[in-house]
Amino acid sequence: MDSKGSVSATENGGVSNLEKFLCERLVDQSQPISERFRALFSLRNLKGPGPRNALILASRDSSNLLAHEAAFALGQMQDAEAIPALESVLNDMSLHPIVRHEAAEALGAIGLAGNVDILKRSLALDPAQEVRETCELALKRIEELSNVDAENQSSTTEKSPFMSVDPAAPAAAFSSVHQLRQILLDETKGMYERYAALFALRNHGGDEAVSAIVDSLRANSALLRHEVAYVLGQLQNKAALATLSKILRDVNEHPMVRHEAAEALGSIADEQSVALLQEFSRDPEPIVSQSCEVALSMLEFENSGKSFEFFFTQDPLVH
């Protein structure tokens, strides 16, 4: 077992029991949302048809937050077997845009050329701007991957220093923070270029880079604002607290942005942000209230010294 709680198939033969437990817990709507997220975060560390099929089923859950996270997990796992299900989610206009957006991002994360036609169709037809912008990003990512020589491709598909498969490769390392800031804040630039600047600033770190990232929360695009909030959660920098708190409080902000702000506040986790999460765990928008609930549960586990994910012991149901 690794430090993230993943389990190999050879560990006392218990993986099938663990998978069964996790898959059932994930789709059990009688469970608290935080418990279902614990199962989801554990399943994304496992391979094979069991975890994949459970996540596919969860990608159509009545909880839009859980459904979008399941689609995100399939993309992070880069499981090509999930492509038909992700295409189906992307094309289903009855699903919330946040779920369709995540299906598009997952198709980009998997990165196969065969996904191009799927994404182009949604780019042309989807009524939601955040979904179309995600398709644009995913298509550019696949194009970038296809332009890399085979011997260099592994370096392009590596996960970031933050262990995530990002929607865009970071901009060139030699770009200065000032240059990256200008690109990130420039509304005339393409979405992929701005995302590349964002991830380069994240990887650079430091006060100046964080300041530029925080300033980009005023961007016109809700998709970009949500990614910025996600990145600030990865950085866990307290300089972002005031702006993230303002976003969570703004009931007129897009739910996908408020949701990421809530998760970022949970990552930073000072006394004020915890109080805010408790307040907005009663928000009328389920994507927001459930995000706060999950963030608070994760903090509770962290503060008690336990893992939020399920760990395999001699009894696969003990954690």
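All values below come from the heavy atoms of this structure, side chains included, with hydrogens, waters and symmetry mates left out.
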Working for side chain to side chain donor-acceptor pair (under 3.5 Å), residues S164 and Q76
CA-CA 7 Å; S164 55; Q76 294 295 297; 5.2 Å; no

Intermediate values then yes/no, salt bridge (charged side-chain N to carboxylate O under 4.0 Å, His left out), K140 and E193
CA-CA 10 Å; K140 184 66 175 177; E193 191 175 359; over 6 Å; no

Just wondering, do L248 and E253 contact through their side chains at under 4.5 Å, heavy atoms?
no

Give the C-alpha distance, both sets of side-chain angles, the deciding distance and a yes or no for side-chain contact (heavy atoms from CB on, under 4.5 Å) between E309 and F301.
CA-CA 9 Å; E309 297 171 19; F301 274 89; over 6 Å; no

Should I83 and N115 be marked as a side-chain contact (heavy atoms from CB on, under 4.5 Å) after you check the CA-CA gap, both sets of side-chain angles, and the distance that decides it?
CA-CA 8 Å; I83 289 173; N115 294 344; 3.4 Å; yes

Apply ring-ring contact (aromatic ring centres under 6.0 Å, His included) to F37 and list each qualifying residue two or more places apart in sequence or on a separate chain.
F41

Calculate, to the nearest 0.5 Å, the distance between atoms CD1 and CG belonging to I213 and N237 respectively.
9.0 Å

CD (E271) with more than 12 external heavy atoms under 6.0 Å
no

Indicate yes or no: at least one non-hydrogen side-chain atom of L46 is less than 4.5 angstrom from one of L22.
yes

Donor-acceptor contact below 3.5 Å, side chain S297 vs main chain S34:
no

Backbone N or O of L66 within a donor-acceptor pair of the S63 side chain at under 3.5 Å?
yes

After noting the C-alpha distance and the side-chain angles of E300 and K306, does the key distance pass the side-chain contact (heavy atoms from CB on, under 4.5 Å) rule?
CA-CA 9 Å; E300 184 178 347; K306 297 178 182 178; over 6 Å; no

Sort out for me which residue in V131, D92, T134 forms a side-chain contact (heavy atoms from CB on, under 4.5 Å) with R100.
V131

D186 (side chain) donor-acceptor with Q182 (main chain) under 3.5 angstrom
no

If every non-hydrogen atom of I287 is compared with every non-hydrogen atom of P255, which pair is closest and at what distance?
CG2-O, 3.9 Å

Residues R181 and D215 bridged, charged N to O under 4.0 Å
yes

When you check the gap from the basic side-chain N to the acidic O, do R38 and E35 get nearer than 4.0 Å?
yes

Whether the side chain of S245 engages the backbone of L241 through a donor-acceptor N/O pair (distance < 3.5 Å, no angle test) should be reported.
yes

So, does R44 use its side chain to make a donor-acceptor pair with the main chain of A73 at under 3.5 Å?
no

Compare all side-chain heavy atoms of R60 with those of V89 and state whether any distance is below 4.5 angstrom.
yes

Salt-bridge criterion met for E136 and R132 (N-O under 4.0 Å):
no

When you measure from the side chain of Y192 to the backbone of A169, do you find a donor-acceptor pair of N or O atoms at a distance under 3.5 Å?
yes

Write out all pairs satisfying ring-ring contact (aromatic ring centres under 6.0 Å, His included) with one or both partners inside residues 230-260, taking only residues at least two apart or from two chains.
H68-H259

What one should report as the nearest heavy-atom pair of P284 and P286 is O-CD, 3.2 Å

Salt bridge flag under 4.0 Å for residues E24 and K20:
yes

Out of R225, E130, E227, which residue meets the side-chain contact (heavy atoms from CB on, under 4.5 Å) rule with V257?
R225

Under a 3.5 Å distance rule, please check whether S122 uses its side chain to pair with a backbone N or O of L119 as donor and acceptor.
no

For residues S291 and L65, determine if any side-chain heavy atom of one lies less than 4.5 Å from a side-chain heavy atom of the other.
yes

Are any side-chain N or O atoms of D250 and backbone N or O atoms of K246, one a donor and one an acceptor, separated by less than 3.5 Å?
no

Contacts of type side chain to side chain donor-acceptor pair (under 3.5 Å), residue Q179, not counting sequence neighbours:
S176

Derivation of the salt bridge (charged side-chain N to carboxylate O under 4.0 Å, His left out) call for R141 and D166
CA-CA 9 Å; R141 184 179 191 274; D166 296 326; over 6 Å; no

For the atom pair OG (S267) and CD (E302), what is the distance rounded to the nearest 0.5 Å?
8.5 Å

Side-chain heavy atoms of L217 within contact of L232, under 4.5 Å:
yes

E279 and R249 ion-paired at < 4.0 Å
yes

Might you work through the side-chain contact (heavy atoms from CB on, under 4.5 Å) test for Q278 and V274, ending with a clear yes or no?
CA-CA 6 Å; Q278 290 170 338; V274 170; 4.0 Å; yes

same_hphob_cluster(L125, L223) at 4.5 Å side-chain heavy-atom cutoff
no

Euclidean distance, E87 CD relative to D117 CG, rounded to 0.5 Å
9.5 Å

Spacing of I142 atom CD1 and L107 atom CG [to the nearest 0.5 Å]
7.0 Å

List the atom of E187, the atom of A219, and the distance in Å for their closest heavy-atom pair.
OE2-CA, 3.4 Å

Separation between CG of L86 and CG of L55, rounded to the nearest 0.5 Å:
10.0 Å

Could you measure the distance from the OG atom of S289 to the CZ atom of R282? Nearest 0.5 Å is fine.
10.5 Å

Any chain of hydrophobic side-chain contacts (each under 4.5 Å) joining L277 to V251?
no

Which heavy-atom pair separates A295 from G266 by the least distance, and what is that distance?
CB-CA, 4.2 Å

Is the shortest side-chain N to carboxylate O distance from R121 to D126 below 4.0 Å?
no

A side-chain contact here means heavy atoms from C-beta on lying under 4.5 Å apart; do E102 and S59 qualify?
no

A side-chain contact here means heavy atoms from C-beta on lying under 4.5 Å apart; do L201 and V231 qualify?
no

Indicate yes or no: does D61 engage R36 in a salt bridge with an N to O separation below 4.0 Å.
yes

With distance as the sole test, does N53 use its side chain to make a donor-acceptor pair with the main-chain N or O of P49 at under 3.5 Å?
yes

Is there a donor-acceptor contact under 3.5 Å from the side chain of Q290 to the main chain of I33?
no

Any pair counted as ring-ring contact (aromatic ring centres under 6.0 Å, His included), so long as it reaches residues 82-136, sequence neighbours left out:
H101-H226

Which heavy atom in L224 sits nearest to a heavy atom in S221, and how many Å separate them?
N-OG, 3.1 Å

Could you check if a side-chain atom of L43 sits within less than 4.5 angstrom of a side-chain atom of C23, using non-hydrogen atoms only?
yes

So side chain to side chain donor-acceptor pair (under 3.5 Å) across residues 203-214, not counting sequence neighbours, yields none

Listed partners of D283 passing side chain to side chain donor-acceptor pair (under 3.5 Å), at least two apart
R258

